[in-house]
Each structure stands twice: as structure tokens, then as C-alpha cells.
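Basis for what follows: all heavy atoms, side chains included, without hydrogens, waters or symmetry-related copies.
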Amino acid sequence: MENLEEKKSLNFIEQIIEEDLKEGLSADQLKFRFPPEPNGYLHIGHAKAFGLNFGLGEKYNAPVVLRFDDTNPSKEEQEYVDAIKYDLSWMGLKWAEERYSSDYFQQLYDWAVLLIKKGKAYVDSQSSEDMAEQKGTPTKPGRNSPYRDRTVEENLDLFNKMKQGEFKEGEHILRAKIDMTHVNMLMRDPIMYRVMHKAHHRTGNNWCIYPMYDWAHGESDYIEQISHSLCSLEFEPHRELYDWFLDQVYDQNTRPKQREFSRLNLNYTVMSKRKLMQLVEENLVGGWDDPRMPTISGLRRRGYTPASIHKFIVTAGVSKREQVIDVALLESCIRADLNKSTTRIMAVLDPLKLVITNYPEGETEIVMADNNPEDENAGQREMIFSREIYIEKADFIEECPSKVFKLGIGKEVRLKHGYIIKGEEVVRDAAGNIIEVKCSYDKKSKSGSGSEESQRKVKGTLHWVSASHHVTAQVNVYDRLFTVEAPDENKEVDFKTLINPASLTVLNDCKIELALKDAKPQERYQFQRLGYFCVDDDSTSEQLIFNRTATLKDFWAKKN
RNA sequence: UGUCCCAUGGUGUAAUGGUAACACUCCGGUUUUUGGUACCGUCAUUCAAGGUUCGAAUCCUUGUGGGACAACCA
């Protein structure tokens, strides 16, 4: 009843929309679009764009068009279309229409003919070198092409022949006739069409002329009646041309408005499609979906949830400043999500055998483990405790200082959900390596028994798994892909030389609690005290494979 | 030797002329059968200098710093 709704601050795009609404744009005219080029996989940088557009669609209850910007058949493929759609669906996004710039090739052609007739476009027949030379520089005006004043009839004829395939690539192009001395270089008679004798993934061989971005994009927005066309900052100078092209065909329908926001960058990774493509093609990673990649598919395989990615981009915000966001924010988003939702599991990645000498041989017992202390409805599960168990090698230090939360000779520690044990003796192999530790246990200290002994305070609680009741699995331990914050900062240094050699460590003898023996790909768990892990897509019941999504926060590890 | 965009703690984002807030990071502390979680605390007179105003992060001017602009790419 009362309007107690807090005033949430609007980002600058939302402010523009609110203003447009105030000035007469009706709410049912609002329409947005997400226009990926199908020449690569979606990455976390794109997430900002689709998050913004679909977010606005949701906020204003307006349709969002998924439009593939497929005007360049030499780079674009169906594989990418499929991957992009899969990623967006996985993110839970629903588009009102699925469109392709190539759907509009005929309309775009007809409009181009109209421009020729109006004397606003002409066919140029020079080499690209000559044209580039005439174009001038940002500080020097350009010069007119010798073909600039061809007659309308000649232009119409030539353009038609371009379309009919009578020319080779590069022989002729269609240009808008604007102003070769314009201060904005994009306005110096920009190219509208080039000849390309290439099959297109949708239109096949129907066309051998293809429209350029500037010509196709704004007009596509207009055809679809997009109200706000949001793109990244580097398109800012294109706006003037966007508006000029729109002026040529505008007929009182909703006029799209281009506005620009900054791209999202992440530290310790690279974000350009070209560089990501290099990593894939040179086999420096396992593919576009390698869990170290900042792609949506990589994050998915790494164990990130759609909710965590969404939270991340919302937290990052929208502005016009070049942002380099700390991966720590991404990690904090996935931890926050997984902390609430994942079942806690005992997993020993680097096993050390422990023999509890005063525990009866051949005997086992069941202990109860909480599934998730953050979720009171998560319940409990059974674990088997026995005389021989594994703990993490790093959790045993022969002479362990009392303030360190680990097992040592003569030092007590608690086995989570089990008993309090004390280190008694180390067993070494011929080379002197510790291969086993003999311990004793306090029979009365069983967790959950309520006994006085069970409630003793001991420095340290370890995770463990029974030596004869577990599954052996492979665990891929991932770390950041690059050793430096900005791998592509220095143009003298090849970013590929900065790859973190420890970005992937494969562990093959990991002992996992029996509860996970039938774990399926994409399932996520917290391995107690270690971090969050998910089942890899290649995992089978014969060979379980887990990927480390993120570590737990660990102040102790940081200090050491 | 131009035009345009940007400038708030380590990183982001807010404050829309009324006295700098939130998240992450960092560092300290409390609780804890995860060195997790939760909770508490520390960290900026807003790039600079002028101006307008009772009052400026916010408006104006000039600097300074960063970015964009010359692909038959998008």
C-alpha cells in the first residue's frame, strides 16, 4: 500500500530511458536487442552486454531480440550461432525473437538503391590503397574520389552488376556520399557494400555483395523497431553515422537511439576474441570451454552457476569508464552462491595413510555428517569410519607447533564428524619419506555423542576418508590463466608467454567419500576445507573427474 | 598537432547543488567440530587550479592524466 520502496539508483542507461519515457516515448515502444557476431564464443565481457539488455527487458517488461550480426560470411559460422544460443539459454535468458542481420539483406539492398537514387551513394572503383590514401587522417581532411560524381544511372547499373556477380572482389564497392573533409573519419564516404564471393551460413550463395556493419546495424535496429541500441564505447564515433543512415530511411516509426557503455575487463585474463581464439588454436588450452577460459562455456565447465555470473555483472555495474574488475569479485560471487547450496563432502586430494592403532582391527562404524551447515533442511548422510584412513599430506607436520591447526606427533586434532586423534609415530620408506602415521584415538570423543570428551576444544579439525571405503578420482586443480594482472598491457610482450604454468594441476590419486561414486557432470560440491568442485563433462562412473571451481577463502594459506 | 569520451579509496559502483555510501580486496578482531560461513572494526576532504553559490564530487573555465578515431572487421 505505502510506497516504501527504496529508491534504487539507476545506471546512466536507465536514466536515459526514464527520461525518454518522461518525454513521451510510450513504455510499449521499449525494445532491446543483443547483437553478437557469430564468429566466436560468448565470454564474460559479453555477459555485461546481454545482462544489460535482457535486464532492461525484464525491468521494463519489454521484448529483447537476439540478433546475430552476420554480415561477414568469411568469419561467421553456424557452430558459433549454436554455441551462443546454448550459452544464453543456459544463463536462463529468453529472447522474444531470433533474428539475423542476413534476414534483412533484401531490404538493405532496396534501401541502398534508394540512396543511390537520392544521390546519397555511389559506386567507387578504386583500390583499397587509393581509397585509404584519399581518406586523410584524423587531423587531415580527405579528398574526393574521382568516381564520386558518377551519374545515378551509372551507379544503379554498376551496383546491380555487383549484385549479379559480374565483378571480382575488390573491383567495386558502394559508398555513402557524405563529406570527405568531415572531422569524423567515419563520415568520409563510408563503405556500405563490398563484393564477396563467399557462401553465407544462412543465405548460401544468394548474395555476393554484403553490407558493412554501419549500414546494416542501425537499419536492422530500425526494422526491428529497437528503441535503445546499446553498444560498447568504441562505437561512440559511429553514432553520427548511425544517425545519418537512419535519417535516410526514417519514416516516423520508433527511432532507435544508440548509446554506448564501457566494456568489462577482468584482470589475470585476456578478453579479446582474437586472443582467446589463439589460445584455442595453438592448443594452449583445451578448447573454448577449457575451465580456465573466461568464456561462458569455460565458466560453466569450471562450475560457475548462471546466478553467480548474473550477480557478478550486476555488481560490476554499467558506466562509461573503462573497467578492469578484479577476478576476486567473480570468485566471491561464486563462493557466495555455492556456500549456500552445495553439499559438503570429504575429499583427500593428496593422501597420507593414518593407522589408528587402538581402533579394533576389521571393525567399521557409521558416523553422521551434516550435508550443509548453511541449510538446515539439507539433512545428514552416513560416512564409514575405520582403523585406516587418509588425511591430506599437508595436514601432518611431524613437529607441529601448537598454534597450527594440524596433526603432529604428540599433538591432537579432531577428525570432522569422527574422533579426536593423537599422532604417535611416523613410518618411513627407504628414502626417508613419511608414508604412514600411527595414531591413537580417544574412544569417548565421538562427534555428536554428546560426551564431555567429544566437546573438548582441540586446535584443528581435519577432513578424512576411510582407506577402504572411498572412490579414487581425478581432480583438476585450476588457478588463474596468467601470472600477471594485465597480460596484454605491454605490446612488446607476447601475452602467451605469460601463461601461468600452474594454471592446471592434474591430481590422479584423490580419495573421495563414497557418497560421490555416482556423481554426474555439472554437479557441484564443497570439498570440506578445500574449496568448491564440480564434476567435469568428461567424467564417468569408471573415471570420476572433478574440476576445482574456487578455493575456500584461506587466510592461513595466504600467510604462508 | 584536430575531434570526441572519461576522471570518486587498491578494484568497481553510488550520492543527480545540502556536507562522500555500498560491494569486493587488504589488514585487525569476535564466534566456529571447515584457518569456511556469519558478525565487528581500519582504509578517500572526490585529478589540479580558478570561478558560480549560503553551500560543489555534482554547474562553468583552463589545465593534467587516460581512452577512442585513417580494416572492402564488428
Side-chain angles (χ1 to χ4, degrees), chain A residues 8-11 15 35-37 39 69-72 74-76 101 124 127-128 131-142 169-175 182-186 188 191-196 209-210 212-214 216-217 231-240 260 262 264 267 273 312 314-333 335-336 339-340 344 346 370 373-374 404-406 414-418 420 447-448 454-463 485 526-531 551-559:
Chain A
K8 273 243 303 269
S9 63
L10 303 175
N11 65 47
Q15 289 175 30
E37 184 188 10
N39 69 343
D69 216 342
D70 57 350
T71 55
N72 185 355
S74 67
K75 297 199 300 186
E76 295 148 7
S101 298
D124 202 341
S127 67
S128 55
M131 282 177 41
E133 193 272 322
Q134 284 162 12
K135 194 140 196 173
T137 70
T139 52
K140 254 182 274 160
E169 294 184 11
E171 275 187 279
H172 304 279
I173 48 105
L174 184 75
R175 300 177 79 170
H182 199 109
V183 61
N184 181 350
M185 292 202 61
L186 289 157
R188 324 244 256 231
I191 296 175
M192 294 172 68
Y193 274 96
R194 75 284 213 188
V195 174
M196 282 182 103
I209 55 171
Y210 291 94
M212 300 291 288
Y213 167 84
D214 288 298
H217 201 93
C231 57
S232 47
L233 241 36
E234 69 269 28
F235 290 100
E236 201 150 22
H238 292 248
R239 188 150 114 198
E240 197 171 11
E260 312 80 14
S262 64
L264 179 152
N267 59 8
K273 272 192 210 171
F312 170 72
V314 167
T315 306
V318 180
S319 72
K320 298 188 77 164
R321 297 172 62 179
E322 282 296 343
Q323 46 179 204
V324 182
I325 297 181
D326 197 335
V327 278
L329 180 63
L330 221 206
E331 287 167 357
S332 118
C333 289
R335 284 193 190 108
N339 175 51
K340 295 284 181 220
R344 271 58 171 171
M346 301 276 209
D370 295 327
E374 299 293 316
V404 175
F405 296 16
K406 294 175 188 291
R414 185 191 304 278
L415 294 173
K416 192 166 175 78
H417 305 312
I420 292 171
S447 293
S454 73
Q455 285 166 37
R456 284 165 49 206
K457 300 281 178 205
V458 287
K459 238 0 180 201
T461 302
L462 306 188
H463 59 281
E485 278 197 47
Q526 185 196 92
F527 288 178
Q528 204 95 162
R529 298 209 305 137
L530 297 174
T551 60
L552 256 29
K553 260 205 225 163
D554 188 347
F555 294 108
W556 179 253
K558 220 172 287 177
K559 281 182 185 165

Trainee: In whole Å, measure the gap between the C1' atoms of C6(B) and C47(B) for me.
Mentor: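 The answer is 12 Å between these two C1' atoms.
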Trainee: How long is the line joining CG of L233(A) and P of A7(B), in whole Å?
Mentor: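 Checked: the CG to P distance equals 11 Å.
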Trainee: Would you say a side-chain N or O of R239(A) is under 4.0 Å from OP1 or OP2 of C5(B)?
Mentor: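 R239(A) to C5(B) OP1/OP2: no side-chain N or O under 4.0 Å.
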Trainee: What is the distance from atom CD1 of I325(A) to atom CZ of F312(A), rounded to the nearest 0.5 Å?
Mentor: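 If we round to the nearest 0.5 Å, I325(A):CD1 and F312(A):CZ are 4.5 Å apart.
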Trainee: Identify which nucleotide among U1(B), A74(B), A14(B) has an atom closest to any side-chain atom of R194(A), counting heavy atoms from C-beta outward.
Mentor: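 Side chain of R194(A) sits closest to A74(B).
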Trainee: Do K320(A) and E236(A) sit within salt-bridge range, that is, some charged N less than 4.0 Å from a carboxylate O?
Mentor: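 Salt bridge: yes.
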Trainee: To the nearest Å, give me how far apart CG (N184(A)) and C1' (C69(B)) are.
Mentor: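 Taking CG of N184(A) and C1' of C69(B), I get 7 Å after rounding.
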Trainee: Please report, rounded to the nearest Å, how far the P atom of C69(B) is from the CE atom of M185(A).
Mentor: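 Between P of C69(B) and CE of M185(A): 11 Å.
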Trainee: Just to be sure I understand the rule, does S128(A) reach a base, reach only the sugar-phosphate, or reach nothing, if contact means heavy atoms closer than 4.0 Å?
Mentor: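 Answer is base: heavy atoms of S128(A) come under 4.0 Å of a base.
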Trainee: For G418(A), is there any backbone N or O sitting under 3.5 Å from a side-chain donor or acceptor partner on S447(A)?
Mentor: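 Checking the backbone N and O of G418(A) against the side chain of S447(A), a donor-acceptor pair under 3.5 Å is found.
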Trainee: Check whether any side-chain nitrogen or oxygen of Q323(A) sits under 4.0 Å from OP1 or OP2 of U13(B), and answer yes or no.
Mentor: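 Affirmative; the distance criterion is met.
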Trainee: Nearest whole angstrom, please: distance from the P of U3(B) to the CZ of R188(A).
Mentor: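 Whole-Å distance recorded here is 13 Å.
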Trainee: Under a cut-off of 3.5 Å for both distances of each Watson-Crick or G-U pair, what dot-bracket string does RNA chain B give, using [ ] for crossing pairs and | for inter-strand pairs?
Mentor: .((((((..((((....[..))))..((((.......)))).....(((((..]....))))))))))).....
Trainee: Ignoring the backbone of P138(A), work out which of C73(B), G2(B), A14(B) is nearest its side chain.
Mentor: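 Among C73(B), G2(B), A14(B), the one nearest the side chain of P138(A) is G2(B).
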Trainee: Give H463(A) one of three labels, base, sugar-phosphate or nothing, depending on what nucleic acid heavy atoms sit under 4.0 Å from its own.
Mentor: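 Here H463(A) touches no strand at all.
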Trainee: Round to a whole Å and report the spacing from CD of E240(A) to P of C69(B).
Mentor: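 Answer to the nearest Å: 16 Å.
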Trainee: Contact class for L264(A) vs. all strands (heavy atom < 4.0 Å): base, sugar-phosphate, or nothing?
Mentor: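 Nothing, no nucleic acid heavy atom in range.
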Trainee: What I want to check is whether the side chains of E260(A) and H238(A) have a donor and an acceptor closer together than 3.5 Å.
Mentor: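 There is no such pair between these side chains.
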Trainee: Taking the C1' atom in each of U31(B) and U25(B), what is the distance between them to the nearest angstrom?
Mentor: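 Approximately 23 Å lies between the C1' atom of U31(B) and that of U25(B).
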Trainee: C1' atom, U52(B) versus U58(B): distance in rounded Å?
Mentor: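 Here U52(B) and U58(B) have their C1' atoms 13 Å from each other.
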Trainee: How would you summarise protein contacts on nucleotides 20-35 of chain B per nucleotide, using B for base, S for sugar-phosphate only and - for none, with heavy-atom distances below 4.0 Å?
Mentor: ---SSSS------BBB
